[in-house]
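Nothing here was measured: the structure is a model prediction, and the numbers come from that model.
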Amino acid sequence: MLERLREDIKSVFHRDPAARNTFEVLTNYPGLHALLFHRLAHWLWSLGLKWLARTLSTLARWFTGIEIHPGATIGRRFFIDHGMGVVIGETTIIGDDVTLYQGVTLGGTSWNKGKRHPTIGDGVVVGAGAKILGPFEVGEGAKIGSNSVVTKAVPAGATVVGIPGRIIVKRKTEEDDARRKEMEARMGFDAYGVTEEMPDPVARAMRSLLDHMHAVDERIETMCKAIRKVNTEYQNGELPPLHEEDFDCVRDETDTEGKG
């Protein structure tokens with residue numbers, strides 16, 4: 001038991017840079033308190049002392065703001081950061097090294113008995129306010145974005161964002177990436193602040209349009225070459241250039257100030 005407690009304290013230091021010392025972690029981290037309460041409540045639940053287990057979990061909710069049903073199964077080095085408003089249902093199964101932030105719900109969508117809550121794989125990170133609802137599996141190492149609502153299985157290593165939750169698909173090849181950036185430069189479009197793990201949805205839509213435009217350009221160029229072979233008098237006119245000032249209206253004021 002002491003070994004598990006040492007593991008839990010180390011996991012806090014590993015995942016929260018605000019943690020300063022062991023005494024502070026033991027006395028001021030509600031996520032750790034809720035986990036310790038749950039271990040006792042889960043043990044009582046497994047002995048058949050259901051009412052006592054539920055009463056203990058209710059007391060833990062009053063003290064910590066975190067509600068964990070005593071029937072839930074939780075692995076090692078589980079960490080709840082801040083924790084207020086976290087709800088974990090009865091048939092939830094959580095693997096090792098999982099991290100939850102405040103306001104997360106691991107809930108069910110059915111009133112039927114049996115498995116109603118999600119299974120969370122090892123190393124999963126669930127952002128603040130996210131809701132994972134249903135008896136499906138979230139694969140190892142997956143990341144659930146803040147305020148996402150997930151209602152279907154998530155593959156291992158995937159990133160999910162939005163309502164309903166959608167899996168972010170990574171770019172296919174480096175060639176596609178280079179081609180897209182070249183067209184962005186021509187149009188004056190810059191998806192700054194966008195990472196592959198958590199892209200802005202508007203930027204993703206713009207990138208899709210750029211891909212489509214590039215495909216259309218290639219098809220038109222192929223048609224023009226075919227026409228020139230048939231008719232040598234055909235003149236291929238130049239396309240009008242794109243000027244950066246034409247896109248000033250869609251740039252942020254801070255962006256234009258930085259360039260000035």
## Note on the structure
For L133, the hydrophobic cluster (side chain heavy atoms closer than 4.5 Å, chained through members) also holds V149, I163

### Query
Are L106 and F136 connected in a single hydrophobic cluster, I mean Ile/Leu/Val/Met/Phe/Trp/Tyr linked by side-chain heavy atoms less than 4.5 Å apart?
yes

### Task
Verify the cluster assignment for I93 and V138: are they in a single hydrophobic cluster under the rule of side-chain heavy atoms below 4.5 Å apart?
no

### Query
Counting only N and O atoms by type, is there a donor-acceptor contact under 3.5 Å from the side chain of H42 to the main-chain atoms of P70?
yes

### Summary
Residue set satisfying side chain to side chain contact (heavy atoms under 4.5 Å, CB included) with A226, at least two apart, ordered chain then number -> none

### Task
Verify the cluster assignment for V87 and V126: are they in a single hydrophobic cluster under the rule of side-chain heavy atoms below 4.5 Å apart?
no

### Minimum side-chain heavy-atom gap I144-I132 below 4.5 Å
yes

### Task
Work out which heavy atom in N21 is nearest to a heavy atom in F13; give both atom names and the distance.
C-CZ, 3.4 Å

### Query
For the residue pair G139 and V124, what are the closest heavy atoms and their distance?
O-CG2, 3.2 Å

### Query
Taking K143 for the side chain and G157 for the main chain, is one N or O donor matched with an acceptor at less than 3.5 Å?
no

### Task
Just jot down the salt bridge (Lys or Arg N to Asp or Glu O under 4.0 Å) partners of R166, sequence neighbours excluded, or say none.
none

### Pairs involving residues 48-72, ordered by first then second residue, that meet ring pair (Phe, Tyr, Trp, His ring centres under 6.0 Å) (sequence neighbours left out)
W45-H69

### Query
Does a side-chain heavy-atom distance below 4.5 Å link T159 with V154?
no

### Summary
Residue set satisfying salt bridge (Lys or Arg N to Asp or Glu O under 4.0 Å) with R76, at least two apart, ordered chain then number -> E7

#### Entry: For A158 against I167, the heavy-atom pair lying closest together
CB-CG2, 3.9 Å

### Query
Has the side chain of R39 got a donor or acceptor atom that lies under 3.5 Å from a matching backbone atom of F37?
no

### Task
Could you go through the side-chain contact (heavy atoms from CB on, under 4.5 Å) check for T73 and I94 one step at a time?
CA-CA 6 Å; T73 302; I94 298 176; over 6 Å; no

#### Entry: Contacts of D97 that satisfy side chain to side chain donor-acceptor pair (under 3.5 Å) - sequence neighbours left out
R77

### Main-chain N/O of K131 paired with T105 side-chain donor or acceptor, under 3.5 Å
no

### Task
Calculate, to the nearest 0.5 Å, the distance between atoms CG and OG1 belonging to L5 and T22 respectively.
9.5 Å

### Message
Taking A60's backbone N and O only, do any of them form a donor-acceptor pair with H38's side chain (distance below 3.5 Å, no angle check)?
### Response
no

### Task
Measure the CZ-NZ distance between R54 and K50 for me, rounded to the nearest 0.5 Å.
10.5 Å

### Task
With sequence neighbours excluded, tell me which residues meet side chain to side chain donor-acceptor pair (under 3.5 Å) with T99.
R15

### Summary
side chain to side chain donor-acceptor pair (under 3.5 Å) filter on E67, not counting sequence neighbours, yields R61

### Query
Minimum heavy-atom separation for V98 to G95, with atom names?
CG2-O, 3.6 Å

### Query
Listed by chain and number, what are the side chain to side chain contact (heavy atoms under 4.5 Å, CB included) partners of S46, not counting sequence neighbours?
W43

### Task
Check side chain to side chain contact (heavy atoms under 4.5 Å, CB included) between N28 and all other residues, then give those that pass, not counting sequence neighbours.
E24

### Least distance between heavy atoms, A19 atom then V12 atom
CB-CG1, 4.0 Å

### Side-chain heavy atoms of L52 within contact of L56, under 4.5 Å
no

### Task
Using modelled atom types only, decide if a donor and an acceptor are shared between the side chain of T64 and the backbone of I66 within a distance under 3.5 Å.
yes

### Query
If you measure from CG on L35 to CD1 on I68, what distance do you get to the nearest 0.5 Å?
6.5 Å

### Message
I need the T222 OG1 to I220 CD1 distance, nearest 0.5 Å.
### Response
10.0 Å

### Query
If Ile, Leu, Val, Met, Phe, Trp and Tyr residues are connected whenever their side-chain heavy atoms lie under 4.5 Å apart, and connections chain through other members, are L36 and L40 in the same group?
no

### Task
Check whether any side-chain heavy atom of I80 sits under 4.5 Å from a side-chain heavy atom of F78, and report yes or no.
yes

### Query
How many angstroms lie between CZ in F79 and CG in L32, if you round to the nearest 0.5 Å?
9.0 Å

### Message
Show me the pairs that pass ring pair (Phe, Tyr, Trp, His ring centres under 6.0 Å) and involve residues 101-133, at least two apart or across chains.
### Response
none

## Note on the structure
Heavy-atom closest pair (D122 atom, D96 atom, distance to 0.1 Å) is OD1-N, 2.8 Å

### Query
Which residues pass the side chain to side chain donor-acceptor pair (under 3.5 Å) test with E137, sequence neighbours left out?
none

